[in-house]
**Student:** 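Sharing a structure with you now.
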Amino acid sequence: MIVMPDIYDKIMELARRRGFVWPTSECYGSVAGFIDYGPLGAMMKRKIEDIWRYFYVIQDGYYEIECPTIGEESIYIASGHVKGFADKMIQCPHCGEFHRADHVAEAEGIENAEIISAEELTTALQNIPCPICSETFDGAEVYFFNLMFQTNIGPGSQRMGYLRPETAQGIFTDFNRLLRFYRDKLPFGTVQIGKSYRNEISPRQGMIRLREFTQAEAEIFIHPEHKDHPAFTRYADRKVPLYSISNQENRKDATEMTMADGVSSGTIANEYVAYYIAQTHDFMLTCGISPDKVRFRQHLPDERAHYATDCWDAEIFSERFGWVETVGIADRTDYDLRAHAKQSGEPFTVFLQYEETKRVRETKVVAKMGALGPKYRNRAKAVADALAESSPADNGAEIELDGEKILVPPEFYEVKDVETEINGEYIMPHVIEPSYGIDRIIYAVLEHSFDEEMVEDETRKVLRFPPKVAPVQVAVLPLMARDGLDDIARDIRSKLQDEGILTEYDDSGAIGRRYRRQDEIGTPFAVTVDYDSKEDNTITIRDRDSMKQIRYDIDRLPALISDLIKGRSLFEEYL
RNA sequence: GCACCGAUGGUCUAGUGGUAUGACUUUGGCCUUCCAAGCCAAUAGCCCGGGUUCAAUUCCCGGUCGGUGCACCA
């Protein structure tokens, strides 16, 4: 891996100076793991989120919801975060080193180290030597370090709350409402973009490991037996670099493969997973990620969560951090819904009607409650239930009640031959979950867009953002701030504003300096008003990447700029 | 969380037991007819707390933030 140790510093220096990303609350000394997005960063983030919305909300039709960032304890008991998101830690009383208690125990041959309680682990470790200093852990206690931020809800602090460690749970907990919203049909999807929180032990790496970060997650609920994506043809022929389990095991680099081949060869579990791999690839390139710096790495069987059938991470290559996981795409089966169903007692199932009603003949044992009630009293209901499950003989039905075998005589029940109609079945959907780390994507876009080139012995710093991502879309510059050029420029600016285009007006200093300023913040186009503009009602449009200019009619400018930003036409076509 | 290293205008930096160098940027003015030109001026800084000292940005201790290694990363 070629490491350029200064590229991160260069990017972050620019990002700080020009208002993309700042350390948070600097006047009080900042806090590791938290950042502020400055004016340009916040705008750029919004644009990237909007591109994401284009793919998931507009293209796929999955509506967005917004849930609280604080959730009450039950949610995270169900999701497994209260238990599973905590590590059992122990600190050596002699050298002060922190260890994962279960790892130390396992290495010393203690069985079930991962599942035994903290108390048991404490006892087990008392005479075990610290792997660092070899003194024993005598007197040290195993404690839980949970990566969730904890809080109390209300003044009585009776109700425990947690800051959500992922946005997904809000979608799962709203499942029954969402199901109604989508009129009781599968498949359907719901997305959420928002902040999540993890109390990282050591959040270094700037924007890569944050304690508060933005996720964009989609939860797509599908029939467990129908994992073919209805719009699969959209991406069937798209080639994506796949770093599959076998590539990893055979130490081969990622190989390009179409999604159709990925699914038919069995590399990718199903069309849904493949569709979102391809869609993620599409999204990344749209945001300005370099095509040669993305790959999709399949989770190895031992790192995959036990409930997931297939899981792929989109990884982006960073000069500074190497391959960084930015998106996870998993088939989570019915794990989450099942967990919430168990915790809440709600069904979390979909009733799917059969095309044709099925008729089933069966024999039913129906209790005669009039007779049963007086005899069995408060046990009558239990007896009736047990009878329904029993297979009566001529002399009566033998049932078991509280471990006691009872023979219920025939006069207490009736055996009926009934035909029932079955109109459908309840099924618990499976969930496909693409989960995006927006902040990491923003960093990667900055890194991949950043460029330096020498122009007449000066270093030109440019952010080569796609026009859709650039926080400022057009700079309007009068060549001179006089002779009426400034008036024409202001007029052009307001016409562009009417089109909803974000412009910056700048009349200070030499024109070259102004171009450089815009280059540094990635503004794709600059409109310059010169003396010819007064004569023939034209201006020049300067392209950031090529620094080439064209003359264009002022009246038709807003429409052209709009097309250029949306990617409907390319600057080169007008040269 | 541990160990080591670092922290000087917005940015990059020089330097010091007696309040700080230079460049770039920014702002105003002059000049300027398309890629950081020039001139004049202005704004702006020693990470925070404690200690030693007549005096601390400088030395010491603690903290914060950043970098590196360890640990951690559902």
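All chains are named by letter (A, B, ...) in the order of the sequence lines, taking the proteins before the strands, and each is independently numbered beginning at 1.
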**Student:** Let's go through A/Glu26 and A/Arg16 carefully: what are the C-alpha distance in whole Å and the side-chain angles of both, what is the deciding distance for salt bridge (Lys or Arg N to Asp or Glu O under 4.0 Å) to 0.1 Å, and is it a yes or a no?
**Tutor:** CA-CA 12 Å; A/Glu26 261 185 305; A/Arg16 266 199 306 279; over 6 Å; no

**Student:** Taking any strand in view, what nucleotide pairs with B/G38 in a Watson-Crick or G-U wobble way, both distances under 3.5 Å?
**Tutor:** B/C30

**Student:** From the set B/U32, B/G67, B/C35, return the single nucleotide nearest to any side-chain atom of A/Met480.
**Tutor:** B/U32

**Student:** For B/C24, what is the paired nucleotide under Watson-Crick or G-U wobble rules, both distances under 3.5 Å?
**Tutor:** B/G10

**Student:** Rounded to whole Å, how long is the line connecting atom CE of A/Met148 with atom P of B/C73?
**Tutor:** 16 Å

**Student:** Give A/Gln549 one of three labels, base, sugar-phosphate or nothing, depending on what nucleic acid heavy atoms sit under 4.0 Å from its own.
**Tutor:** base

**Student:** Can you tell me, in whole Å, how much space there is between the C1' of B/C70 and that of B/A36?
**Tutor:** 45 Å

**Student:** Taking the side chain of A/Arg16 as its heavy atoms from C-beta onward, which of B/C65, B/C12, B/U27 lies nearest to it?
**Tutor:** B/C12

**Student:** Do A/Phe172 and A/Phe348 have ring centroids that are under 6.0 Å from one another?
**Tutor:** no

**Student:** Determine the interatomic distance between P on B/U19 and the same-named atom on B/G62; round to the nearest Å.
**Tutor:** 29 Å

**Student:** Using ring centroids (six-membered ring only for Trp), state whether A/Tyr436 and A/Tyr56 fall under 6.0 Å.
**Tutor:** yes

**Student:** From the options B/C65, B/C35, B/C12, select the nucleotide whose nearest atom is closest to the side chain of A/Val31.
**Tutor:** B/C65

**Student:** With side chain to side chain contact (heavy atoms under 4.5 Å, CB included) as the criterion, how do A/Met12 and A/Val21 come out once you've worked through the C-alpha distance, each side chain's angles and the decisive distance to 0.1 Å?
**Tutor:** CA-CA 8 Å; A/Met12 294 313 283; A/Val21 179; 4.3 Å; yes

**Student:** Closest to the A/Arg513 side chain: B/C65, B/U25, B/G67?
**Tutor:** B/U25

**Student:** Of the listed nucleotides (B/C34, B/G67, B/U27), which one gets closest to any side-chain atom of A/Ile511?
**Tutor:** B/C34

**Student:** What integer number of Å spans the P atoms of B/G15 and B/G6?
**Tutor:** 14 Å

**Student:** Identify, residue by residue, the members of residues 428-440 of chain A with a heavy atom below 4.0 Å from RNA chain B, and return them in order of residue number, or none.
**Tutor:** none

**Student:** Take the protein atom NZ of A/Lys10 and the nucleotide atom P of B/C12, then report the distance between them rounded to whole Å.
**Tutor:** 13 Å

**Student:** Rounding to the closest angstrom, what is the interatomic distance between B/U57 and B/A20 at atom C1'?
**Tutor:** 9 Å

**Student:** Given atom CZ of A/Phe321 and atom C1' of B/U68, what is their separation to the nearest angstrom?
**Tutor:** 13 Å

**Student:** Is B/U19 syn or is it anti, if syn means the base angle is within 90 degrees of 0?
**Tutor:** syn

**Student:** A/Ala510 has a side chain; which of B/U68, B/C12, B/A37 sits nearest to it?
**Tutor:** B/A37

**Student:** So, using ring-ring contact (aromatic ring centres under 6.0 Å, His included) as the criterion, who are the partners of A/Phe296 when residues are at least two apart?
**Tutor:** none

**Student:** Heavy-atom nearest nucleotide on RNA chain B for A/Ala481 versus A/Glu458: which residue maps closer to 5'?
**Tutor:** A/Ala481

**Student:** Check the distance between B/G29's P and A/Arg482's CZ and give it to me in whole angstrom.
**Tutor:** 13 Å

**Student:** Can you check the distance between B/C65 and B/A41, where both ends of the measurement are the C1' atom (answer in whole Å)?
**Tutor:** 36 Å

**Student:** Between A/Asp519 and A/Arg460, is there a salt bridge with N-O shorter than 4.0 Å?
**Tutor:** yes

**Student:** With side chain to side chain contact (heavy atoms under 4.5 Å, CB included) as the test, would you mind laying out the steps for A/Gln169 and A/His340 before giving the verdict?
**Tutor:** CA-CA 9 Å; A/Gln169 296 307 323; A/His340 283 294; 2.7 Å; yes

**Student:** Does A/Tyr515 contact B/C34 through a side-chain donor or acceptor facing the base, at a distance under 3.5 Å?
**Tutor:** yes

**Student:** Side chain of A/Ser30: nearest nucleotide among B/C65, B/A36, B/U33?
**Tutor:** B/C65

**Student:** So if I take every side-chain heavy atom of A/Arg542 and compare against B/G67, B/C35, B/C65, which nucleotide ends up nearest?
**Tutor:** B/C35

**Student:** Calculate, to the nearest 0.5 Å, the distance between atoms OG and CG belonging to A/Ser569 and A/Leu564 respectively.
**Tutor:** 4.5 Å

**Student:** Let's see if you get this right: which residues in residues 533-540 of chain A place a heavy atom under 4.0 Å from RNA chain B?
**Tutor:** A/Thr540

**Student:** Expressed as a whole number of Å, how far does the P atom of B/C60 sit from that of B/G67?
**Tutor:** 24 Å

**Student:** Between B/A36 atom P and A/Arg517 atom CZ, what is the distance in whole Å?
**Tutor:** 12 Å

**Student:** Could you check whether A/Arg514 gets within reach of a base, just the sugar-phosphate, or nothing at all, counting any heavy atom under 4.0 Å?
**Tutor:** nothing

**Student:** For A/Asn537 versus A/Asp553, what's the shortest heavy-atom pair and its separation?
**Tutor:** O-OD1, 3.6 Å

**Student:** Which whole number of Å gives the distance between the C1' atom of B/U16 and that of B/C46?
**Tutor:** 11 Å

**Student:** Which one is paired to B/C59, where only Watson-Crick or G-U wobble pairs with both distances under 3.5 angstrom count?
**Tutor:** B/G51

**Student:** Closest to the A/Arg209 side chain: B/C73, B/U33, B/G67?
**Tutor:** B/C73

**Student:** In the structure shown, which nucleotide is the Watson-Crick or G-U wobble counterpart of B/C2, with both distances under 3.5 Å?
**Tutor:** B/G69

**Student:** Apply the salt bridge (charged side-chain N to carboxylate O under 4.0 Å, His left out) test between A/Glu453 and each candidate in A/Arg464, A/Arg516, A/Arg544; give the one that qualifies.
**Tutor:** A/Arg464

**Student:** Out of B/U27, B/U11, B/A37, which nucleotide sits closest to the side chain of A/Arg17?
**Tutor:** B/U11

**Student:** Rounded to whole Å, please give me the gap between CG in A/Asp486 and C1' in B/U32.
**Tutor:** 15 Å

**Student:** For atom C1', what is the distance between B/G49 and B/G9, given to the nearest Å?
**Tutor:** 23 Å

**Student:** Could you say whether A/Glu26 or A/Glu200 is positioned toward the 5' end of RNA chain B, judged by the nucleotide with the nearest heavy atom to each?
**Tutor:** A/Glu26

**Student:** To the nearest angstrom, how far is A/Glu452 atom CD from B/A36 atom C1'?
**Tutor:** 14 Å

**Student:** Does a side-chain N-to-carboxylate-O contact under 4.0 Å join A/Lys195 and A/Asp439?
**Tutor:** no

**Student:** Nearest 0.5 angstrom please: A/Leu163 CG to A/Glu212 CD, how far?
**Tutor:** 8.0 Å

**Student:** I'd like to know whether the aromatic ring centres of A/Phe465 and A/Phe450 sit less than 6.0 Å apart in this structure.
**Tutor:** no

**Student:** From CZ of A/Arg516 over to P of B/U26, roughly how many Å is that when rounded to an integer?
**Tutor:** 13 Å

